[in-house]
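Take a look at the structure set out below.
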Amino acid sequence: MSQRTSEGVARILRTEIFSGQLKPGEPLPERLIAEQLGVSRTPVREALFTLQSEGLVELTPNRGASVRTVTAHDIVQIYSLRGVLESYAAREAARTRTRQDLDALEDAHAKLERITASGGTAPEQALADLAFHTLISEATGSRLLHTIMGQVLAFTVSYRSNYSYPTARTAAAIAEHRAILDALRDGDADGAERLMREHIASSSRFALEQFHDPEHVPGLGTTD
């Protein structure tokens with residue numbers, strides 16, 4: 001029954017976007033989705049509006065909904081936002097984190113290492129990375145910050161799910177995560193903030209490199 005609500009429909013579509021089952025630019029016809037899920041068109045329409053607010057779906061007059069196609073300019077903007085929000089979250093989390101928060105982050109870090117060692121898929125890598133960053137926002141204790149970051153991170157993972165990290169980049173990202181986690185454990189607010197900002201900057205540069213024919217974008221390379 002939970003899948004018949006707009007929230008349930010949004011969850012299903014979000015998962016399919018994250019996993020790569022729904023590709024950038026792919027149409028999302030209300031009638032077909034409603035038939036496939038056995039629901040009316042109303043919760044589907046509401047779910048599409050929710051996903052539009054998260055930056056995952058485009059709604060175009062007279063054309064309907066489709067999975068959003070990410071541009072290089074989008075990447076610059078979203079990672080700039082992440083740099084601000086997540087460095088602030090890391091600073092706050094260093095002050096407010098609990099033992100349970102640290103244990104959850106340790107588990108998330110270990111899961112990312114296991115997925116990497118076993119040659120996990122790009123969506124698996126993306127979701128494991130998302131879990132780590134989401135837990136930091138939760139550790140701040142701020143519902144508002146967690147909600148805003150959830151929207152920003154959802155947009156990121158929809159793009160990140162389309163490519164795997166090579167070995168060198170994976171090793172660097174894992175090392176960056178470990179350094180952030182150590183700073184959180186030590187209660188080092190300044191260090192956690194700086195390390196997160198550096199991590200987001202390096203992730204931004206790598207994400208932009210994934211465009212085969214990258215456009216010239218104002219602000220490119222200035223995220224750090």
Q.
Is there a path of hydrophobic side-chain contacts, each under 4.5 Å between heavy atoms, that joins Val39 and Phe49?
A. yes
Q) Step by step, would you call Arg14 with Glu54 a salt bridge (charged side-chain N to carboxylate O under 4.0 Å, His left out)? A) CA-CA 10 Å; Arg14 190 184 296 111; Glu54 295 175 3; 2.9 Å; yes
Q) Rounded to the nearest 0.5 Å, how far does CD1 of Ile78 lie from CG of Leu85? A) 9.0 Å
Q: Evaluate side-chain contact (heavy atoms from CB on, under 4.5 Å) for Asp74 paired with Arg68, printing each intermediate quantity in order.
A: CA-CA 11 Å; Asp74 291 331; Arg68 181 170 180 177; 3.0 Å; yes
**Q.** Sub-4.5 Å side-chain heavy-atom contact between Leu153 and Arg82
**A.** yes
Q: Identify whether the distance between the nearest side-chain nitrogen and carboxylate oxygen of Arg185 and Glu106 falls below 4.0 Å.
A: yes
Q: Search all heavy atoms of Gly187 against all heavy atoms of Arg97 and return the closest pair with its distance.
A: N-NH2, 3.9 Å
Q) Is any side-chain heavy atom of Ile174 closer than 4.5 Å to a side-chain heavy atom of Arg178? A) no
Q | Minimum-distance pair of heavy atoms, taken over all atoms of Ala47 and Ala10 | A | CB-N, 3.5 Å
Q. Roughly how far, to the nearest 0.5 Å, is OG of Ser87 from CD1 of Ile136?
A. 11.0 Å
Q. Mind checking what makes salt bridge (Lys or Arg N to Asp or Glu O under 4.0 Å) contact with Asp186, not counting sequence neighbours?
A. none
**Q.** Glu92/Arg95 under salt bridge (charged side-chain N to carboxylate O under 4.0 Å, His left out): CA gap, chis, key distance, verdict
**A.** CA-CA 5 Å; Glu92 290 299 300; Arg95 297 170 173 164; 3.2 Å; yes
**Q.** Over all atoms of both residues, closest heavy-atom pair of Val57 and Ala65
**A.** CG1-CB, 4.0 Å
Q: Provide the closest heavy-atom pair for Phe132 versus Leu105 in the form atom of the first, atom of the second, distance.
A: O-CD2, 3.5 Å
Q: Could you walk me through whether Leu28 and Val44 pass side-chain contact (heavy atoms from CB on, under 4.5 Å), step by step?
A: CA-CA 10 Å; Leu28 298 170; Val44 174; over 6 Å; no
Q: May I ask you to test the Leu130-Leu127 pair for a side-chain heavy-atom distance under 4.5 Å?
A: yes
Q: Taking Thr116 for its side chain and Leu112 for its backbone only, find out whether a donor-acceptor pair lies under 3.5 Å.
A: yes
Q. Taking the six-membered ring for Trp, are His199 and His133 parallel (under 30°), tilted (30 to 60°) or perpendicular (over 60°)?
A. parallel
Q.
The test is side-chain contact (heavy atoms from CB on, under 4.5 Å); show your working for Ser80 and Gln77 and say whether it passes.
A. CA-CA 5 Å; Ser80 294; Gln77 287 189 319; 5.8 Å; no
Q | Non-hydrogen atoms of Tyr79 and Thr156 that approach each other most closely | A | OH-CG2, 3.4 Å
Q) Just wondering, more than 12 heavy atoms not from Phe206 lying within 6.0 Å of its CZ? A) yes
Q. If we only count heavy atoms from C-beta on, is the Thr140 to Arg91 side-chain gap below 4.5 Å?
A. no
Q) Which heavy atom in Ile115 sits nearest to a heavy atom in Ala128, and how many Å separate them? A) CD1-CB, 3.7 Å
Q) Is there side-chain contact between Leu195 and Glu176, with heavy atoms separated by less than 4.5 Å? A) no
Q: Would you indicate whether the side-chain heavy atoms of Glu30 and Leu48 approach each other to under 4.5 Å?
A: yes
Q) Can we say Arg31 and Glu35 salt-bridge, meaning some charged N sits less than 4.0 Å from an Asp/Glu carboxylate O? A) no
Q.
salt bridge (charged side-chain N to carboxylate O under 4.0 Å, His left out), that's the test. Do Glu124 and Arg114 meet it? Break it down for me.
A. CA-CA 11 Å; Glu124 288 173 335; Arg114 289 195 301 272; over 6 Å; no
Q) Does the distance from a Lys or Arg side-chain N to an Asp or Glu carboxylate O, for Asp190 and Arg194, drop under 4.0 Å? A) no
(Q) Rounded to the nearest 0.5 Å, what separates atom CG in Leu56 from atom OG in Ser66? (A) 11.5 Å
(Q) Could you walk me through whether Asp101 and Glu138 satisfy the side-chain contact (heavy atoms from CB on, under 4.5 Å) test, starting with their C-alpha distance in whole Å, then the side-chain angles of each, then the deciding distance to 0.1 Å, before giving a yes or no? (A) CA-CA 8 Å; Asp101 292 326; Glu138 291 178 356; 5.5 Å; no
(Q) Against Leu102, only a single residue in Leu135, Asp107, Leu181 fulfils side-chain contact (heavy atoms from CB on, under 4.5 Å); can you say which? (A) Leu181
Q. Say you draw a straight line from CG of Asp188 to CD1 of Ile180; how long is it, rounded to the nearest 0.5 Å?
A. 12.0 Å
Q. Arg169 and Glu209: salt bridge (charged side-chain N to carboxylate O under 4.0 Å, His left out), yes or no, with the steps?
A. CA-CA 12 Å; Arg169 175 57 202 158; Glu209 290 170 3; over 6 Å; no
Q. Taking the side chain as C-beta and beyond, is there a heavy-atom pair between Gln125 and Asp129 under 4.5 Å?
A. no
Q) Quick one: are Thr134 and His146 in side-chain contact, heavy atoms under 4.5 Å? A) yes
Q | Euclidean distance, Ser40 OG relative to Glu46 CD, rounded to 0.5 Å | A | 8.0 Å
Q) Rounded to the nearest 0.5 Å, what separation is found between the CD1 atom of Ile12 and the CD atom of Gln21? A) 11.0 Å
